[in-house]
Structures are given as C-alpha cells and as structure tokens.
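These numbers come from a predicted model, not from an experiment.
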Amino acid sequence: LLLVGVVSFFWGEYITMYVDRFSEGSDHRASGFQTTINIFMTNPTGLGYVGIGDMLELYAGDGWSAGMKTVDNMFLTFIITSGIFFFIPFLFYFYIPLNALFRSRGNPNYRIVVMFFIPYVLCGMSFNVNSLIQLNILYFGIVGHMYRIIQNKQIYGLVNNNS
C-alpha cells in the first residue's frame, strides 16, 4: 500500500497518461492498419525510423489521434519502416526466441521460453515494444540465457530429444 502511494505521488502524471491512453478507445490502433497500408502503397521499400512521425500524420487513416508519432504496433512499425523487407527486423527481434522455442521441445525450460515469448508478441500488437529499451534488455537477456541453457543441454547430451 505504501509503494502504491509513493508511486502515485511521484509518477501520478505517468499513471494518468497510461489510463488516458486506454480510455480513448481503439480508433487510433484500428486506424494504424489503414495508415500502414497507405504508407506501404506509396513507399513499398519503407520510410526508415527517422521521419516516421511526420509521415504518419500525412498518411493517417480515419480515427487517427492527432499528434501521435507511432502506430502502437511493433509489427506495423516493421512494415512502415522496412516496407517489403519487414522480415529483416522481424528476424532480428525473433530469431533467438523462436530458435529457443523450437530447440527447447522436450526440455523443462520450454514452458519458461513460451511464458516470455507469447506476452512479448502480444504486447507487440498493442505497443511499439521495440522502443522500450529496458523491456527489451530484460526480455532478450532472459531468453538469451534460456537459449544458452537449452543449447548446452543439447550439446552435452543432457536432454533426450526422442521424448
């Protein structure tokens, strides 16, 4: 209770901003799909990360919130910034987690990898997760560590792959 009180006192404006973000409805997130299509049709090779904020206003779909500089979707951001090469950042963000997921079959650490991978992907559908550096450091640090554990157990024959 004391912690909630301290957080509310010092970071009340951030809490208010967070609550307002979810209470405005889903028009902004739904319009992100149309905005992405508009940008992709005129720039099939992508815009890059530098000028994305200004271009979002220019190609905005119906329901776009004025002043927003992100589509609040990591996967749509990949398409906007990289265009037809969207698979490159996708592989950058998901190669190790997906590889750990596939390698960890029959390993007790499989559930832990899944437990971290699924929420990260789901959050990526609602937020631009790749801009949250602290979350990425935590996520990829844990997944990288789990990947190393799984890889070591397979190398040294500690896991029976036939089960």
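At a threshold of 4.5 Å between non-hydrogen side-chain atoms, the residues V121 and F94 count as touching.
Residues that satisfy the side chain to side chain donor-acceptor pair (under 3.5 Å) test with N73, not counting sequence neighbours, are absent from this structure. For Y139, the ring pair (Phe, Tyr, Trp, His ring centres under 6.0 Å) test picks out Y120, with sequence neighbours left out. Residues that satisfy the ring pair (Phe, Tyr, Trp, His ring centres under 6.0 Å) test with F86, not counting sequence neighbours, are absent from this structure.
Rounded to the nearest 0.5 Å, atoms OG1 (T36) and CE (M41) are 11.5 Å apart. The CG atom of L138 lies 4.0 Å from the CD1 atom of I142; values are rounded to the nearest 0.5 Å. For the atom pair OG1 of T77 and CG of L56, the computed distance is 8.0 Å after rounding to the nearest 0.5 Å. Summarising the geometry, atom CD1 belonging to I37 is positioned 12.0 Å from atom OG1 belonging to T42; distances are rounded to the nearest 0.5 Å. If you take OG1 on T81 and CG on N43, they are separated by 11.5 Å, rounding to the nearest 0.5 Å.
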Test side-chain contact (heavy atoms from CB on, under 4.5 Å) applied to F90 and F75, step by step: CA-CA 8 Å; F90 182 83; F75 306 106; 3.9 Å; yes

Derivation and outcome, side-chain contact (heavy atoms from CB on, under 4.5 Å), residues F78 and I88: CA-CA 9 Å; F78 289 163; I88 295 172; over 6 Å; no

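Counting all heavy atoms, side chain and backbone alike, I39 lies closest to M55 at CD1-O, 4.3 Å.
Using modelled atom types, no side-chain atom of S82 and backbone atom of I79 make a donor-acceptor pair closer than 3.5 Å.
The neighbour count for F87 CZ, taken as heavy atoms of other residues, nucleotides or ligands under 6.0 Å away, is above 12.
Considering T45, I80, I84 in turn, I84 is the only one that fulfils the side chain to side chain contact (heavy atoms under 4.5 Å, CB included) rule with F40.
If you chain together hydrophobic residues whose side chains sit under 4.5 Å apart, L135 and I133 never meet in one group. No single ILVMFWY cluster, assembled from side-chain heavy atoms under 4.5 Å apart, contains both M74 and I137.
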